[in-house]
Protein chains: 2
Amino acid sequence: MAATIKDIREVTGLSLATISKYLNGGNLLPENKAKIEKAIDELHYEVNEMARGLVTSRSKVIGVVVFDIANVFTCTLLKYLGERFRSAGYAAMICDSQNNEQIEAENIRFLISKKVDGMIVIPVGLTAEFLNPALRAEIPVVLMDRSVDGSGVQCVKVDNRESSYRAVEMLYDYGHRKIAMIGSDIEVTGKEREQGCRQLLKDKKIEVPPEYMKIGRHSIEHGYKSMQELLKLEEPPTAIFMGNFEIILGAVMALNESSFQCPHDVSLIGFDDLIISNLSNPRITLVVQPLQDLAENAAKLLLGKMDKDRNSSDEEPEEDTQMPGDLILPARIVEGNSIARVE
Amino acid sequence: MAATIKDIREVTGLSLATISKYLNGGNLLPENKAKIEKAIDELHYEVNEMARGLVTSRSKVIGVVVFDIANVFTCTLLKYLGERFRSAGYAAMICDSQNNEQIEAENIRFLISKKVDGMIVIPVGLTAEFLNPALRAEIPVVLMDRSVDGSGVQCVKVDNRESSYRAVEMLYDYGHRKIAMIGSDIEVTGKEREQGCRQLLKDKKIEVPPEYMKIGRHSIEHGYKSMQELLKLEEPPTAIFMGNFEIILGAVMALNESSFQCPHDVSLIGFDDLIISNLSNPRITLVVQPLQDLAENAAKLLLGKMDKDRNSSDEEPEEDTQMPGDLILPARIVEGNSIARVE
DNA sequence: CCTTGAAAGTGAAACGTTTCGCTCTGTTCG
DNA sequence: CGAACAGAGCGAAACGTTTCACTTTCAAGG
């Protein structure tokens with residue numbers, strides 16, 4: 001039904017090779033150029049990327065696999081990634097793993113069969129095997145936000161440990177000594193944030209009662225329940241560090257329903273989102289990730305790898321590039337007024 | 001580099017046709033089946049969807065074009081759409097129009113060249129021309145959330161007029177008479193919500209001072225500035241209807257910074273999101289769209305169209321199906337405690 | 001024992017591009 | 001004037017599948 005290059009041949013009398021040359025930006029007589037353009041216009045011709053891809057074995061598509069698409073963190077990244085890829089001439093094919101490692105593995109295989117030229121992956125869990133098919137197919141991969149054990153695949157992320165350390169340090173500097181944390185340990189990210197928190201408490205020689213460390217699922221429910229439990233303690237904490245967006249959401253919900261006031265009765269600092277702090281009153285002090293930076297660096301890294309891949313396909317081993325480490329960006333703390341000074 | 005069907009032929013000694021038959025679920029001798037499976041496993045064979053698509057002229061990909069990817073509304077829809085398409089064997093290729101009609105038009109053309117089997121579009125603006133290339137290429141299209149003038153393309157959305165009417169009616173029933181609205185008119189959706197609001201005020205014979213109707217851009221800034229202006233009025237409204245998520249965000253931000261208390265000094269009702277109301281204190285009463293329903297209906301509609309398209313390609317005109325109208329779903333009001341009763 | 005027909009397998013054409021190596025036409029320069 | 005060369009265009013092969021029309025095999029039915 002749709003017009004093909006052959007239809008253009010009929011109309012213009014030129015050969016397929018010439019028309020293809022035009023489509024790919026070669027030099028033609030102005031006269032022939034005009035003819036082709038006219039024909040394209042009349043016939044509403046659009047390149048069939050499948051046919052093109054079959055020959056070039058490049059799809060001009062980058063696969064993006066995210067652990068969960070329905071949250072602000074993910075879609076903000078998607079936005080910046082998409083812009084970047086677009087301006088490099090690539091489209092993004094986005095796959096949602098729905099927080100399910102099996103679906104994640106399927107997504108990878110699916111994208112391979114679609115012959116994507118590269119992949120960005122924000123993994124669901126901690127292990128790396130699911131990436132093997134992609135590596136085997138020699139598709140360049142860059143991880144984001146969460147590194148995985150022993151994959152040897154580069155990851156672009158923030159320094160979760162360091163940032164958490166500084167967040168809790170801020171609570172300490174405001175005079176707080178009874179500090180609790182609500183976090184998760186499903187993903188590396190959560191683990192690292194917990195480590196940062198524990199490290200500071202250790203450095204400051206603060207004993208942490210085990211009931212102050214609420215480490216559980218990465219979910220609104222966990223935040224909600226944990227906050228309730230913390231507030232019910234005989235000796236509730238005076239300050240709480242919340243490890244991610246969902247947990248903040250749940251925790252603040254519980255706090256709003258309680259008789260406790262922030263920051264009067266309890267101080268808060270959280271990790272992960274900026275927009276939401278505008279809604280709560282008082283505004284919550286947050287560790288904010290440089291999402292645009294993260295996305296742009298990941299995109300740049302991937303596009304670079306893709307370039308190199310294509311050029312070094314001339315059978316040069318070139319194994320001197322010893323596995324570069326993760327790319328770690330700094331996060332910044334944006335102050336609200338959710339932290340009270342304690343004498 | 002990657003294994004092809006021909007490699008499998010080498011290993012198994014079977015013909016291409018037979019192997020293809022296996023891949024597409026035909027009947028084979030158990031013995032041959034086993035041979036092929038073994039070969040596929042050993043060679044890590046994955047179908048090349050580009051080659052397949054070239055022959056079948058179906059990509060098993062559905063294009064999704066959204067006006068802006070970086071917001072909760074969009075990505076929640078994307079989540080449900082994705083699940084639905086996946087279970088029907090389709091992948092989603094998501095394109096962000098970045099609120100820019102030109103990029104939107106490019107996205108459509110891009111998806112056509114990718115030979116997507118269908119499209120879901122949440123348009124940026126009010127006009128329909130940008131869809132023409134898709135219609136010309138006979139690609140089934142379903143709109144979501146925002147219908148466009150005279151496209152003849154079906155849209156799945158909520159009844160914005162009716163829902164707004166009921167939202168404002170709720171304010172009225174609580175005794176409010178000084179009712180303001182902060183809304184947008186960039187998209188149909190915003191216009192319809194404004195109409196619903198005005199209709200109720202008219203039905204109740206309430207005069208609206210023009211400075212009470214803050215209709216502007218669909219943005220946090222507009223919400224923020226409008227709220228500031230409303231609160232500064234000599235006779236500020238006692239209740240405010242906020243037309244979408246971004247506006248709620250900005251408006252609540254301004255309110256938090258002011259000396260006004262909700263609901264004591266001003267009552268609020270908003271349109272569009274559920275999660276956020278958990279963060280604000282008090283919880284804001286909201287008109288919530290049935291996102292899952294919207295997505296599932298849109299997906300079903302599109303898959304249906306795609307089916308019909310494929311089957312009726314037998315040159316039957318079958319023009320009896322007179323253009324079905326939009327599919328309109330009801331929204332529901334979720335009460336918070338942001339509305340005070342006025343005597 | 002012959003006929004019929006279903007089941008399993010095959011060879012080759014087709015899908016719409018790109019690309020390689022070739023030809024043709026001028027133009028430049030010694 | 002002839003050689004050399006650049007620019008423009010061309011024909012045909014190739015990419016990895018599916019599918020059509022055909023053949024072979026074998027069991028069942030009369």
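None of the values given here were measured: they were computed from a predicted structure. Every chain is numbered from 1, with letters handed out A, B, ... down the list of sequences.
- For K114(A) against S59(B), the heavy-atom pair with the smallest separation is NZ-O, 2.6 Å.
- Between the P atom of dT18(C) and the CE atom of M50(B) lies a distance of 12 Å, rounded to the nearest Å.
- Here dT17(D) presents its C1' atom at 9 Å from CG of L16(B), a figure rounded to the nearest Å.
- Residues S15(B) and A17(A) each lie close to DNA chain C; by heavy-atom proximity, the contact nearer the 5' end of the strand is made by S15(B).
- Across dT10(C), dT18(D), dT18(C), the shortest atom-to-atom separation from the side chain of N24(A) is found for dT18(C).
- Taking atom CG on L23(A) and atom P on dG16(C), their separation rounds to 15 Å, with Å as the unit.
- Checked against dA8(D), dA8(C), dT17(C), the side chain of K21(A) finds its nearest nucleotide in dA8(D).
- Taking atom CZ of R9(A) as the reference point, atom P of dT17(C) lies 11 Å away to the nearest angstrom.
- The side chain to side chain contact (heavy atoms under 4.5 Å, CB included) test with N107(A) is passed by exactly one of D96(A), V65(A), I112(A): V65(A).
- Taking for each of K6(A) and P30(B) the nucleotide of DNA chain C with the nearest heavy atom, the 5'-most of the two is the partner of P30(B).
- Here S20(B) lies in heavy-atom contact (under 4.0 Å) with a base.
- Partner of I19(A) under the side chain to side chain contact (heavy atoms under 4.5 Å, CB included) criterion, chosen from I8(A), L28(A), N24(A), I40(A): I8(A).
- Along DNA chain D, the nucleotide nearest to L29(A) and the one nearest to R52(B) differ in position, and the one closer to the 5' end is contacted by L29(A).
- Rounded to whole Å, the distance from CG on L54(B) to C1' on dT19(D) is 13 Å.
- Distance K60(A) NZ to dT17(C) P: 18 Å, rounded to the nearest Å.
- Across all strands shown, Y45(B) has heavy atoms under 4.0 Å from sugar-phosphate atoms exclusively, and none from any base.
- Between N48(B) atom CG and dC15(C) atom C1' the separation is 13 Å, expressed in whole Å.
- If you check every strand for non-hydrogen atoms under 4.0 Å, T18(B) touches a base.
- Taking atom CD1 of I8(B) as the reference point, atom P of dT10(C) lies 14 Å away to the nearest angstrom.
- Side chain of T56(A) to backbone of R52(A): a donor-acceptor contact under 3.5 angstrom is found.
- I94(B) is listed as a side-chain neighbour of I69(A), based on a closest heavy-atom distance under 4.5 Å.
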